[in-house]
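Here's the structure, in structure tokens; my notes come after.
Chain naming here is simple, since letters A, B, ... match the order of the sequence lines and numbering starts at 1 in each. Because the structure is predicted, anything quoted here is derived from the model rather than measured.
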Amino acid sequence: MLVPISGRAAGTVAFMDESTEDGEHRRSPLHDRHLALGGRMAPFAGWEMPVDYRESGVIKEHTAVRTAVGIFDVSHLGKVRITGSGAAEYVNGALANDLAKIGPGGAQYTLCCDDATGGIVDDLIAYLYGDDEVFLVPNAANTDEIVTRLADAAPAGVQVADVHERYATIAVQGPESAELLTKLGLPSGHPYMSFLETAWRGTTLVVCRTGYTGEHGYEVVLEAGDATALWDALLDAGSEFGALPCGLGARDTLRTEAGYPLHGQDISLAVTPVQARLAWAVGWKKPSFWGRDVLVAEREQGARRRLWGIEAIDRGIPRPHMSVSDFSDRWVGEVTSGTFSPTRQVGIGFALLDQPLGEGDEVRVDVRGRSRAMRVVKPPFVRVTTK
Amino acid sequence: MYPEELSYTTEHEWVRVADDPAVIRVGITHYAQDALGDVVYVSLPEIGTEVEAGQPLGEVESTKSVSDIYAPVTGAVEARNEELDDQPDLVNSDPYGDGWMIDIRVADLDGLDETLAGLLDAAAYQAMVEKE
């Protein structure tokens with residue numbers, strides 16, 4: 001368990017649960033593997049997951065993904081299967097992005113917005129199997145909410161099934177990821193944002209060309225009972241490529257560098273896609289989706305604030321909830337997440353900033369009483385090589 | 001993991017009396033560096049800064065969290081580990097050696113023995129962290 005260093009700690013884990021409840025946490029089918037590998041376990045979104053592994057640590061794991069390959073257990077991610085006549089059409093009328101932009105076998109980053117406010121209920125990946133089947137991967141903490149909203153609104157004949165714990169998900173990310181999958185006899189040549197089903201050792205794997213690191217990579221979904229076999233095979237075959245098991249700590253530094261917002265920090269029910277600069281993930285031409293009316297109006301008027309990247313000009317690491325001011329000491333917004341960039345060796349993060357602040361502006365961030373100069377940038381912070 | 005010759009605070013600092021008996025060296029423990037994870041910044045006061053027992057004198061920040069470093073005694077900063085500016089990971093790799101943080105010239109030398117007696121010895125510190 002990760003604990004603050006003292007009762008008077010100046011700050012705690014940046015991306016972890018802000019709740020401190022000691023309730024029962026769900027465990028991944030790979031839980032015993034994490035313990036055996038020296039995983040430092042911590043609660044995250046109702047799950048007990050590895051932050052990092054004692055032998056490597058966040059920075060080595062991060063570097064493995066940028067230069068070789070990293071293997072992540074992301075079984076905490078939600079899995080929702082929507083089936084029945086017109087399933088895809090139903091999902092397309094609810095979620096924000098336009099499923100018509102992809103075909104069967106394609107994956108898409110999309111948003112679920114609140115119909116009344118346009119606020120982001122969750123961001124998720126939709127895997128389109130066909131007109132009658134869509135598989136969704138929401139964030140762990142939001143899975144119940146997504147299932148509830150989609151089930152409540154589903155027309156007769158469309159079923160929404162929460163299959164969260166039936167499947168495990170293992171992410172294989174980094175420049176050597178394709179070689180590693182090839183070595184196991186798995187498909188790896190399919191395009192970014194597509195998926196294939198394949199037979200492997202008597203089970204079925206869904207090999208998705210998706211990820212959350214900014215690197216070329218895959219997310220493999222399989223029956224929970226088969227997860228340890230694949231995990232062991234990946235680590236075993238991965239040693240010649242410099243593969244490391246990676247925890248959620250590296251996942252957070254990698255996604256921040258890649259400029260991917262995290263729901264619950266950078267985006268939330270209080271933030272709309274227009275404010276989050278996620279308008280590209282909204283199918284504006286669709287006749288309907290949840291939140292369409294308010295979002296169209298906000299887009300026409302212009303958002304009052306926007307989500308930007310910030311990077312420290314000197315020292316200082318932005319952390320959630322730090323206040324941001326301009327050089328006349330006027331409050332202009334708040335940091336939503338931040339970390340130390342192992343690649344860039346500076347503090348980086350996201351901040352919701354009032355208009356008209358934007359790219360190239362300099363701001364001051366209150367880092368525990370010290371004013372630190374930071375530059376407003378358009379993420380990503382590193383070159384993204386997902387394709 | 002917890003050298004016998006050191007004294008320990010409940011805030012996870014270690015204390016060693018230097019060759020000059022009026023100076024103590026301070027760092028953070030193995031337990032602390034392990035809980036923090038990869039250390040990326042260490043903020044330490046300049047030489048000559050007055051520090052007060054029980055008050056924060058600096059910060060240690062990792063990829064995922066930040067924590068205060070507390071002064072175990074009252075005194076003035078005699079030396080700071082400049083190496084940590086470029087190699088903060090020394091705190092992880094060698095917390096009791098090259099990862100030391102500051103030397104403090106003790107203000108009340110007569111009271112130092114009493115102060116040190118009020119800290120934890122290795123066995124008591126280990127027992128404390130095993131409960132956390």
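Interface remark: B/T29 contributes no atoms to any contact with chain A (heavy atom separation under 4.5 Å).
A side-chain donor-acceptor contact under 3.5 Å links A/T339 to the backbone of B/T63. A donor-acceptor pair under 3.5 Å is absent between the side-chain atoms of A/R40 and the main chain of B/G37, judged by distance alone.
The 12-atom threshold is not exceeded at CD of B/E114, counting heavy atoms of other residues, nucleotides or ligands nearer than 6.0 Å.
The heavy-atom pair separating A/V346 from B/Y41 by the smallest distance is CA-OH, 4.4 Å.
Pairs passing the side-chain hydrogen bond (donor to acceptor under 3.5 Å, both in side chains) check and including a residue from residues 13-22 of chain B, sequence neighbours excluded, read B/T9-B/E13, B/D20-B/R105.
The closest side-chain heavy-atom distance from A/I317 to B/V66 is not below 4.5 Å.
The pair B/K64-A/D52 meets the salt-bridge criterion, since a charged nitrogen lies less than 4.0 angstrom from a carboxylate oxygen. A/R315 has no carboxylate O lying under 4.0 Å from a charged side-chain N of B/E61, or vice versa, which leaves the two without a salt bridge.
Checked against side chain to side chain contact (heavy atoms under 4.5 Å, CB included), A/R375 has the following partners two or more places apart in sequence or in another chain: A/E311, A/I313, A/E362, A/V377.
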